[in-house]
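A short write-up of the structure that comes next.
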Amino acid sequence: MAPTTALTADQANARLHELTVIDVRTPGEYASGHLPGAHNIPLDHLDTALPALKTAAGRGDLLVVCASGARSATACRHLAEQGVTAATLTGGTTAWTQLGHDTHRPAGTRTPWAMDRQVRLAAGSLVLTGLIAGQRWNAARRLSAGVAGGLVFSALTNTCGMARILAKLPYNQPKTTDLNATLAALTG
C-alpha cells in the first residue's frame with residue numbers, strides 16, 4: 001500500500017506548480033471555485049479514473065482536495081490501496097480560501113450552495129416539517145427522528161447519504177464538467 005501524506009494550504013500553494021491537483025468534490029462544488037489547474041474527478045468516479053490517476057502519479061505528485069479534507073482523505077486511502085501515492089489538502093478548499101489563496105471558476109457558471117449548506121437546509125427542513133406535522137399526526141414525528149438518526153450515523157461514520165443524494169440533483173451537475181476530457185488531460 002502506498003503511503004498517504006497531508007499538505008497544508010500554504011505548503012500546497014508553494015508547490016502548486018509541481019502538483020497534479022485532483023478535486024473529488026461534486027461538479028457543482030467544483031464549479032463554485034477550485035484550486036488553479038485542478039481536475040474534477042468526483043469521488044464516486046475515482047475507480048473509473050484510476051488508470052489515468054496512475055499515469056499522472058507516475059509523472060509527479062498528486063494532491064487530492066475536497067471542501068474540508070474528509071473526502072480527499074478517503075480518496076487518498078482508496079488510491080493508496082491501489083498503489084497510488086497521493087497527498088490530501090488539510091482543511092480542503094475551505095482552508096485554502098480562508099488563507100486567501102487564488103481559486104478559479106469555469107466561465108459562465110453560477111455558484112451553487114456548498115454541499116454542507118444544502119445538507120443543513122434539507123435536514124433542517126425535514127426535521128421542522130416532522131415536528132410541525134407531528135402536532136397533528138404523531139406518526140409524522142418519525143420523520144424528525146429518522147433525520148436525527150441519519151445525522152448521528154453520518155457523524156459517526158464520516159459519510160453523508162443525504163449529500164450523495166443531493167449531489168445527483170440537476171443544479172449540482174453543471175454541463176461544464178467532462179470526465180472523459182479530464183481523464184484525457186491526465187494521461188496526455
Side-chain angles (χ1 to χ4, degrees), residues 4 6 9 21-35 38-50 64-79 81 86 88-99 101 103-179 182:
T4 59
V21 181
I22 308 298
D23 192 320
V24 295
R25 297 177 298 160
T26 65
E29 291 174 294
Y30 175 81
S32 70
H34 54 269
L35 274 67
H39 301 278
N40 184 219
I41 301 176
L43 187 58
D44 57 346
H45 295 316
L46 206 58
D47 285 330
T48 303
L50 193 56
V64 182
V65 302
C66 68
S68 68
R71 286 177 283 178
S72 61
T74 298
C76 285
R77 284 191 299 273
H78 182 70
L79 290 172
E81 291 170 0
T88 185
L89 179 63
T90 303
T93 56
T94 301
W96 180 269
T97 56
Q98 284 175 347
L99 291 173
H101 297 304
T103 58
H104 290 174
R105 252 196 321 229
T109 57
R110 60 175 175 67
T111 304
W113 284 3
M115 187 55 64
D116 65 317
R117 185 176 181 191
Q118 293 180 45
V119 168
R120 290 192 310 265
L121 176 67
S125 297
L126 290 170
V127 168
L128 188 59
T129 299
L131 291 174
I132 291 171
Q135 297 293 322
R136 183 155 193 158
W137 303 285
N138 278 339
R141 292 182 183 162
R142 292 185 186 139
L143 175 62
S144 298
V147 172
L151 291 171
V152 170
F153 179 79
S154 175
L156 292 174
T157 61
N158 200 25
T159 62
C160 187
M162 190 178 290
R164 286 192 186 135
I165 293 168
L166 292 171
K168 298 190 183 312
L169 293 175
Y171 57 83
N172 283 322
Q173 301 293 323
K175 295 176 182 156
T176 58
T177 299
D178 182 357
L179 184 60
T182 299

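We use all heavy atoms of the structure for the numbers below, so side chains are in, but hydrogens, waters and symmetry mates are not. The first residue in the sequence is number 1, and the count goes up from there.
Looking at every heavy atom in both residues, Met162 comes nearest to Leu126 through CE-CD1, 4.2 Å. Across all non-hydrogen atoms, the minimal contact from Asn40 to Asp23 is ND2-O, 3.1 Å. Contact record, Thr90 with Ala95: O-CB, 3.7 Å, taken as the closest heavy-atom pair. When all heavy atoms of Val64 and Ala86 are compared, the closest pair comes out as CG2-CB, 3.9 Å. Closest approach of Ser144 to Leu131, counting heavy atoms only: OG-N, 3.3 Å.
Here Thr93 contributes atom OG1 and Arg25 contributes atom CZ; the two are 4.0 Å apart, rounded to the nearest 0.5 Å. The distance from atom CG of Leu89 to atom CH2 of Trp96, rounded to the nearest 0.5 Å, is 7.0 Å. In this structure, Cys66 SG and Tyr30 OH are separated by 15.0 Å, a value rounded to the nearest 0.5 Å. How far OG of Ser72 is from CZ of Arg77: 9.0 Å, rounded to the nearest 0.5 Å.
For Thr97, the side-chain hydrogen bond (donor to acceptor under 3.5 Å, both in side chains) criterion is met by no residue, not counting sequence neighbours. With sequence neighbours excluded, the residues satisfying side-chain contact (heavy atoms from CB on, under 4.5 Å) with His45 are Ile41, Pro42, Leu179. With sequence neighbours left out, the ring pair (Phe, Tyr, Trp, His ring centres under 6.0 Å) criterion links His78 to no other residue. Contacts of Leu128 classified as side-chain contact (heavy atoms from CB on, under 4.5 Å), with partners at least two apart in sequence or in another chain: Ile132. Taking the side-chain contact (heavy atoms from CB on, under 4.5 Å) definition, one finds that Ala70 meets it with Ser68, Asn158, sequence neighbours left out. Among residues two or more places apart in sequence or in another chain, the side-chain contact (heavy atoms from CB on, under 4.5 Å) test is passed with Ala145 by none.
Taking the six-membered ring where tryptophan is involved, the planes of His104 and His34 are perpendicular, since the angle between them exceeds 60° and thus also 30°.
Here the side chains of Leu50 and Leu79 are in contact, with some heavy-atom distance below 4.5 Å. You'll find the side chain of Lys168 reaches within 4.5 Å of the side chain of Asp44, heavy atoms only.
Proximity of a side-chain donor or acceptor of Thr94 to a complementary backbone N or O of Ala67 within less than 3.5 Å is detected.
Between Arg71 and Thr74, the side chains place no donor N or O within less than 3.5 Å of an acceptor N or O (distance only, hydrogens not considered).
Applying the side-chain hydrogen bond (donor to acceptor under 3.5 Å, both in side chains) definition to pairs two or more places apart or across chains, those involving residues 119-135 are Asp116-Arg120. Identified under the salt bridge (Lys or Arg N to Asp or Glu O under 4.0 Å) test for residues 136-158, with sequence neighbours left out: none.
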